[in-house]
Every structure is written in structure tokens, then in C-alpha cells.
Amino acid sequence: MSIGRRDFLKASAIATTATAFAPGINLIELAAARNPEQAATAIHRWGLLIDVNKCVKGCTACVDACFIENGINEKGSPTTDAQWIRKVTTKDKATGHEQIFPVMCQHCEHPPCVDVCPTGASFKRKDGIVLVDKHICIGCRYCMMACPYKARSFVHQTLTGQNHNAPRGKGTVESCTLCVHKIDRGDGITACADACAGENHKAIIFGDLKDPRSEISRQLKAQASSQIRADFNLNTGVRYRGLS
Amino acid sequence: MKAVHYSVIQGKSFGYILLLGIFGAITAFGFGAALYMEHNGHIVTGMNNQIVWGLPHVFAVFLIVAASGALNVASMASVFGRALYKPLARLSGLLAIALLAGGLAVLLLDLGRPDRLIIAMTYYNFKSIFALNIILYSGFFLLVGIYLWMMFERRMNPFTKVAGFFAFIWRLILTTGTGSIFGFLVARQAYDAAIMAPLFIIMSFAFGLAIFLLVLISSYAWTHREIGDAVVERLRKLLGIFVASVLYFVLVYHLTNLYVTEHHGIERFILLDGGIYTEIFWMGQILIGGLIPLLLCLTPLGRSRPMVLLAAVLVILGGLAQVYVIIIGGQAFPLELFPGKGVSSSFFDGQITFYQPSIPEMFLGFSGIGITLLITTFAIKVLPFLPNSLANKDVDPHFTDQSKGDSGPSAEAATA
Amino acid sequence: MTHLLLMMQRLAGSLVAIALLSPLVIADSSAPKPEIPKAAGDQCVEDTDYMRRNHMKVILHQRDETMRLGIRTKKHSLKNCINCHATKTEAGKLSVLGEKGFCQSCHTYASVTMDCFSCHSSAPEKDTDLKLGTKRASPHHTGLAYKRASDLSEKERKFLSKAVSMNTGQKQNSKITDNSRSGQ
């Protein structure tokens with residue numbers, strides 16, 4: 001990789017000195033949208049809170065919005081077509097109780113995909129977003145074997161007409177980017193959360209898990225939530241409320 | 001013990017050319033298939049987002065596992081000082097290299113971006129078992145290469161033992177690494193077990209020896225060289241012990257899983273109602289690859305050459321079945337995202353997935369075997385890997401046929 | 001003897017020089033040059049000569065900065081290259097590819113494979129792309145933490161700076177990170 005340790009240190013040093021010497025002004029900027037020349041820092045950890053009880057059966061607004069935002073338009077081969085986000089239905093085997101909610105990359109703090117990736121193409125950004133660097137992905141699919149959430153897709157065919165903000169192509173693995181281009185641009189919301197709010201369901205909240213004043217942190221503090229397969233201790237960035 | 005004389009094979013007969021042609025064609029078809037897959041994408045294979053590793057990986061893993069096992073014969077000579085195996089050590093080293101090359105070629109050609117091989121060699125994530133394996137494989141080529149050099153070069157002969165020792169240690173680590181590719185996948189019910197690494201080591205013993213026996217006996221038959229029962233009988237019994245050990249480890253693996261309620265689903269799937277996977281497990285892995293070879297190897301039933309060859313072939317077929325059940329069966333069983341719940345989605349959550357290998361995948365898989373045999377066939381022509389004779393009197397002057405009554409063809413040859 | 005050696009050395013040196021230069025000479029005179037279309041705007045982000053030799057390094061550097069660190073400065077970004085250098089293809093679309101396209105014409109000439117456009121779009125961003133991707137996206141959904149600093153009122157500014165300095169000072173903000181691992 002051509003980003004050396006120095007660059008990383010430099011980036012974090014800038015952030016640290018900024019907090020130390022100019023708490024007032026700089027901190028506002030850190031909490032607000034980053035400037036394009038600023039690196040993502042560990043001051044934030046982006047995540048989602050999904051309220052299972054608010055998710056509506058039959059509604060696919062989040063899935064549709066994700067596919068449009070990221071230009072996922074392969075159709076006709078369900079077993080190979082990419083799905084960055086999907087609606088999952090669970091049914092309690094004993095009681096028959098059903099729940100419906102979206103599942104996507106859970107943006108783990110300790111992502112198994114990153115551990116197993118031979119080239120380091122799977123990586124976690126400083127602000128907690130788990131990404132695939134498709135420039136150095138060799139398409140071995142070991143990350144897909146390792147992911148407990150079935151969150152990743154492999155591009156099985158030549159693609160054309162990709163979106164500018166979501167480069168994706170044949171022979172590499174991909175998954176939910178938490179709309180990283182939107183985060184970096186300062187939109188402060190992912191396509192799925194935005195679409196859900198647009199339907200007035202508000203089942204998906206996006207925000208900074210490390211900022212106690214953020215909506216997501218306040219809600220997480222106020223009410224019980226859980227992680228999918230919390231027993232793996234991966235500390236996911238995507239949390240669920242009302243998941244029985 | 002007498003000095004062993006090695007020589008190259010002549011390699012001018014029609015049979016030899018034909019053999020090279022066949023192996024070359026199998027290899028060429030594999031490369032063609034790989035090109036086709038790369039051009040169209042993996043959509044032309046049976047692999048998908050559920051079964052992400054398919055038939056090519058079955059062949060690749062089988063060959064890589066067998067590679068380290070093939071070195072065993074040499075290790076027994078150099079490391080454990082068993083004189084009987086010494087004449088076999090060169091071929092053992094050659095097969096180890098050839099098998100690894102065949103397996104790795106398949107693995108690399110199946111990548112989504114095989115054109116990025118250079119990236120696989122220059123970007124390393126050292127926490128990845130895969131990346132570690134890339135280093136282990138390269139080291140294996142190097143160490144076995146040095147080991148062979150020590151064996152071939154008379155001046156270097158005294159260092160054979162040291163080189164053999166390092167190669168032996170390295171091969172143990174290598175197979176542990178290969179087993180760990182699966183053993184460390186906590187999320188997959190079928191793989192999440194520390195026993196995977198030792199299981200792979202014992203599998204390598206059996207697969208490697210079976211291939212070694214097959215190549216040894218056929219090359220001696222085709223070149224009209226003598227090979228006596230002293231060697232074959234020893235190897236046959238050894239194969240029996242290895243096959244028994246594999247069965248034992250498989251038993252322990254499943255018993256452990258059966259004890260843990262969490263794993264009952266996957267156990268039921270493999271052992272009882274997994275359809276094709278259950279069939280391949282019982283018929284392929286256990287019966288064809290386990291019980292029948294066991295019978296052939298450890299009872300007088302397998303005393304003739306054809307029976308020994310049959311046993312070796314069955315172990316190879318059973319081995320492929322075993323790797324198939326591990327790799328494909330392990331993925332076909334759905335990931336458990338919500339324990340205790342029935343799950344469904346557009347992404348096949350909670351469903352057992354269907355996998356049908358396509359023709360290109362088969363070509364690619366078989367090309368691994370083609371490459372291995374092509375290298376081997378070519379190498380024994382250019383370098384003296386094979387001893388002139390493995391007749392009983394040459395390898396073990398004290399060898400006495402335990403069953404005096406039946407005088408096999410080799411026993412006659414020995415007295416001739 | 002030494003003279004002879006020296007002479008041979010010189011001779012060898014000049015031979016090598018001729019061998020190295022001759023393709024250039026030939027290229028100058030007879031071989032066709034690639035037709036590189038002109039870009040929009042007056043001046044590239046770096047000197048043209050520099051870019052001819054080093055554009056791949058520039059793009060590669062920016063690639064890792066953006067991918068790994070989230071630094072999205074415009075100057076050396078691939079999007080910025082395409083926005084200026086795309087020309088109309090025969091099909092009538094704007095692109096850096098195509099027989100006479102900016103990237104492809106020269107890369108075909110030099111016989112160097114590009115590995116950008118199997119994933120990246122080769123067309124310039126439209127005005128609509130430059131705006132927010134989805135229609136409804138607005139900073140107001142998630143509250144004031146995502147406003148740009150310049151948009152903040154004096155009151156918000158004060159409140160925010162207090163809140164954040166409190167957090168960063170005492171590491172209270174990593175509560176989620178730490179507790180969930182031990183607690184659940």
C-alpha cells in the first residue's frame with residue numbers, strides 16, 4: 001500500500017493537535033462535515049440503528065434507494081446478483097412470531113472479513129466503515145466465507161454504466177459502504193435511512209455512535225438494542241431495536 | 001544396504017509421447033476454461049453468492065493437501081532414517097512440488113482477478129491465513145527444491161538429513177495452514193473447529209501416499225523397471241494405517257459436533273438429510289475412500305498389484321469426495337444469523353443452496369491434476385528421479401515374503 | 001592496452017546510445033502519433049509534461065488517499081480528470097474512452113492496459129450528479145451535528161464546541177465501543 005504509516009500518523013496527529021490547541025473552532029468542524037482534505041478520524045464511528053417494530057412488511061424503500069444510489073442494476077440471476085442490503089423475515093420456531101427488517105454489512109469493530117483478506121483489500125476506515133478496496137481485491141472470496149452476516153456479494157459479470165460515486169466491477173467483492181461518499185460529502189445520512197424517513201417509517205437512523213449528543217446515541221442509551229450474533233463479540237456498528 | 005543407482009527414463013516411446021499429450025491437453029483445456037471464466041465472469045460457473053468456493057477449490061485444496069503428504073516418503077527416509085524409503089525420496093520430493101504447483105495453479109486461475117497475481121504477491125495482510133499460506137507455499141517450493149538438490153548432488157548428500165528435517169517441519173506447518181483456512185471461520189457451522197488442522201494433516205498423509213503409490217507403480221510398470229513387494233507391501237500397509245487415521249479423525253470431528261447442540265443442524269445435514277452431500281459423505285468419503293481401501297490395505301485381499309492400485313485410486317476418489325463435502329457441503333448449509341429462528345429473504349438466507357458445477361469449472365479442476373502429471377512425466381525424463389531397480393534384493397536384502405505360498409510376479413522377478 | 005579498453009568502452013557506450021535513441025528518431029519522423037484530443041479548460045492541474053510521465057503516480061496516490069483515508073480533494077481525483085478530458089465518442093456520448101478518447105487513444109498507442117474503467121465510470125459527472133445523489137437527502141434529517149460549520153448559528157456553535165470538547169477530553173464518547181464488548 002502506498003499510504004505509509006507516516007501519512008496515517010500525520011492525519012491522526014493533525015486531529016489530535018487540533019483538539020488540543022484549538023478546541024473551540026476546530027471541534028465544530030470535526031463534528032460537522034469534514035473538509036475534503038481532512039482524513040476520516042476515529043473521533044467518529046458511524047453506524048445505524050434499525051427499529052424492527054417500525055419496519056413495514058412489503059416496503060422495500062431502503063433496498064431500492066440503496067440500489068439506485070450505488071448503481072446496482074444486475075437483474076435476472078438471483079443467485080449471483082449483488083445485494084448490499086436485503087429484507088430478512090424471521091419466524092420464531094416455537095411461537096411463530098414473525099419479524100421483518102433490513103440486513104446489510106454490520107460494519108463490525110472487529111470485522112472477520114478484514115482479518116482474513118490476504119491483500120488487505122478489506123479494511124476498516126478510521127471512522128468504523130468497513131470497505132473493500134477494489135483496486136487491490138483479487139477476488140478470492142475468502143471474506144465472503146468469513147462474514148457471519150452474508151453481507152458481501154461477488155460481481156459475477158461485466159458491468160457497465162456504474163454510478164460515479166460507487167465504482168464496482170467484475171471479479172471483485174463488494175458490500176454496503178454505509179454510503180461513504182455521502183458521509184464524506186457531509187450529507188449526514190445514508191440512502192437507506194433517508195428513504196425510510198421519506199416513507200415516514202423512520203425505522204433506520206444513521207449517526208455517530210461516539211457522539212453522545214447524536215440522535216442515534218441518545219436512542220441507544222434510552223432503550224434496549226441488540227446486535228445480530230452478538231455472541232461473536234464483533235461489536236457491530238449496526239444495531240437493532242426490538243429484535244426478539 | 002547397496003548404493004542406489006538412479007537414471008532418467010528414455011521417454012522416446014509412443015506411450016510416453018501419448019502420456020505427455022494427454023496431460024498437456026488436460027492442462028490446455030483448463031487454461032482455456034480459465035480464460036473463458038475470466039472473460040465472462042464467474043456467472044458461467046456454478047458458483048454464486050451462496051456457494052462462493054466451488055469445484056476448482058475442491059481440486060486445489062485436495063492437491064495442495066496431497067502435496068505435503070507426498071513428501072512423507074522422503075521424510076521417512078531422511079528424518080526418521082528408514083533405509084527402505086531412501087530410494088523413493090527423490091520421487092517423493094518431485095511429486096510434492098508437482099502437486100503443489102498443480103493445486104496453486106487452479107487456485108490462482110479461479111480468482112476473480114487472476115490478472116492481479118502481482119498484487120497477491122506484493123500486498124500482504126499478515127493476519128490473514130491466506131496470506132500466510134502464500135508465504136508457506138513459496139517456502140515449500142524453496143525448501144523441497146533445496147532438499148532435492150542435496151539428494152541429487154553427491155557433495156551435498158551429507159546435508160540431506162538437515163534439509164529433509166526442515167522440509168518436514170515446513171510441510172507440517174503448511175498443512176496446518178491449509179486446514180486453518182477453514183478452521184478459523186467461526187461463522188460457518190461446518191468449519192468452526194480446531195480439529196480441522198490436524199484432520200488436514202492426516203488427510204494429507206493418506207492422499208499424498210495414494211498418489212505416490214499410483215505414480216510409482218505405473219511408472220515402474222511402463223518403464224519395465226522392477227519394483228518388489230518389499231516396497232509395495234510396506235507402502236500398502238502404511239496407506240491402510242493412514243486411511244484408518246483419517247476415519248478416526250472424521251469420527252472424532254462428528255462426535256464432537258454431535259455433542260454440541262448448536263451444531264446439530266449441520267450434522268443432521270451432512271450425515272442424514274443433506275441429499276447429495278449425505279450421499280457423497282457416506283458413499284464417497286466413508287465407503288469408497290475409507291472402508292474399502294482399508295480392507296484392501298490391511299488384509300491379504302489387496303496383495304496383488306491391481307488391488308494396490310485400486311486401493312490408491314479409491315483413496316484419491318474418496319479424498320476428493322471428502323474435500324467436496326467439507327468445502328461445498330459446508331457452504332450449502334445456511335449461515336445461522338438468527339439461532340432458533342426460521343429465516344427467509346431474497347438473498348437465500350436460511351436456505352440450503354443448490355450447486356451445480358459447470359463444465360469450465362470441471363476443466364479447470366482437472367487441469368490441476370494434468371499440470372501435476374505433466375511436470376512429473378517431464379521431470380523423470382530430464383533428471384534421474386527413479387532408481388533403476390526397486391526389486392526386493394536391491395532395497396532390502398533381508399526381505400522375506402511373509403506369505404511364502406503365493407509367489408507374485410515380483411517375487412519371481414526378484415529371484416530371476 | 002588501457003587506450004584500447006577506453007575506446008571499446010566509448011564505442012559500446014555510443015552504440016547503446018544509438019540503440020536507445022533510434023526508436024525516438026524513427027517515431028519522430030515516420031510512425032503516426034496518437035491523436036490526443038484537447039481538454040476543456042486552459043490548463044491541466046499539473047504541468048503537461050509532468051502529467052504525461054507521472055499521471056499514473058498522481059492518480060495512484062490520490063486513489064489510496066481517497067480509499068483509505070477518505071480524503072476527497074478534487075485536484076488529482078480521477079473524476080476531475082474525466083470531467084475535463086472527456087470528449088464526444090462516435091456514439092455521441094461523453095467519455096475518455098473510445099478510439100479517439102483521451103485515455104484510450106494514447107494507451108492503445110503505447111500498448112498499456114488501463115485498469116480503471118472496469119469499475120469507474122468513464123463519463124464526466126453531470127450537474128445532477130454533482131448535487132446530492134438521492135433527492136430527499138438533506139442535512140436536517142439528523143440534526144445540527146451535520147451542518148457545515150459555516151451554517152451554524154452562534155448559539156449552536158457554542159453548544160457544540162462545549163459538547164464535543166467535553167467528550168474528546170474525557171473519552172466518554174467511546175462508551176459504546178468499550179461497554180458492549182465486555183457487557184454483552
Side-chain angles (χ1 to χ4, degrees), chain A residues 1-3 7 11 19 23-24 27-34 36-40 43 45 65 68-69 109 123 125 127 131 133-135 162-165 167-170 172 180 182 184 186-189 191 194-195 197-198 206-215 217 220 230 233 235, chain C residues 60-61 63-74 79 82 115-121 123-126 129 132-139 141-152 156-161 163-169 172-177 180-181 184:
Chain A
M1 224 199 39
S2 57
I3 297 179
D7 295 297
T19 39
L27 282 173
I28 290 171
E29 293 201 346
L30 288 170
R34 269 185 9 251
E37 65 269 20
Q38 281 179 321
I43 288 173
R45 183 176 179 210
I68 291 169
E69 180 68 38
E109 190 194 351
F123 72 103
R125 225 170 66 155
D127 52 0
L131 295 169
D133 184 347
K134 286 159 201 166
H135 306 105
Q162 290 93 328
N163 282 5
H164 286 99
N165 289 321
R168 45 195 299 265
K170 181 179 74 187
T172 55
V180 63
K182 285 167 75 66
D184 286 350
D187 289 5
I189 196 160
D194 199 25
F206 168 83
D208 185 356
L209 299 171
K210 284 189 175 175
D211 175 4
R213 304 273 161 174
S214 69
E215 167 93 8
S217 296
L220 279 168
N233 255 6
N235 189 15
Chain C
L60 186 75
H61 180 76
R63 172 195 106 178
D64 285 340
E65 297 251 291
T66 305
M67 188 77 232
R68 301 274 158 172
L69 304 175
I71 293 172
R72 291 183 187 257
T73 44
K74 208 167 172 191
K79 276 183 194 166
I82 297 167
D115 197 10
C116 302
F117 301 107
S118 58
C119 290
H120 285 278
S121 172
E125 293 172 291
K126 295 188 200 101
D129 295 323
L132 301 182
T134 36
K135 282 164 282 163
R136 276 186 306 272
S138 94
H141 277 301
T142 37
L144 89 169
Y146 303 103
K147 280 189 181 175
R148 292 188 179 276
S150 52
D151 296 341
L152 296 175
E156 286 171 338
R157 197 182 286 267
K158 257 189 193 157
F159 170 72
L160 244 184
S161 75
V164 182
S165 59
M166 192 175 74
N167 304 328
T168 45
Q172 284 175 348
N173 53 350
S174 58
K175 217 177 240 170
I176 285 168
T177 327
S180 53
R181 276 187 72 71
Q184 296 198 11

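Values reported hereafter were calculated over all heavy atoms of this structure, with side chains retained and with hydrogens, waters and symmetry mates removed. A, B, ... follow the sequence lines: proteins, then strands. Residue 1 opens every chain.
Across all their heavy atoms, C/M67 and A/R125 have their closest contact at O-CD, 4.2 Å. Here the closest heavy-atom approach between residue C/C119 and residue A/G169 is recorded as SG-N, 3.2 Å.
In terms of modelled atom types and a separation under 3.5 Å, the side chain of A/H164 and the main chain of C/A123 share a donor-acceptor contact. A/Q162 places a side-chain N or O within 3.5 Å of a backbone atom of C/S118 that can act as its donor or acceptor partner. Formation of a donor-acceptor pair under 3.5 Å by the A/R34 side chain with backbone atoms of C/G70 is found in this model.
From A/D133, atom CG reaches atom CZ of C/R63 across 5.5 Å, with rounding to the nearest 0.5 Å. One distance of note links NE2 of A/H135 with CG of C/L60; it measures 8.5 Å at 0.5 Å rounding.
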Next item on the list: Evaluate side chain to side chain contact (heavy atoms under 4.5 Å, CB included) for C/K79 paired with A/N165, printing each intermediate quantity in order.
Entry: CA-CA 9 Å; C/K79 276 183 194 166; A/N165 289 321; 2.6 Å; yes
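The side-chain hydrogen bond (donor to acceptor under 3.5 Å, both in side chains) search around A/T172 returns none, not counting sequence neighbours. Qualifying side-chain hydrogen bond (donor to acceptor under 3.5 Å, both in side chains) partners for A/K134, counting only residues two or more places apart in sequence or in other chains: none.
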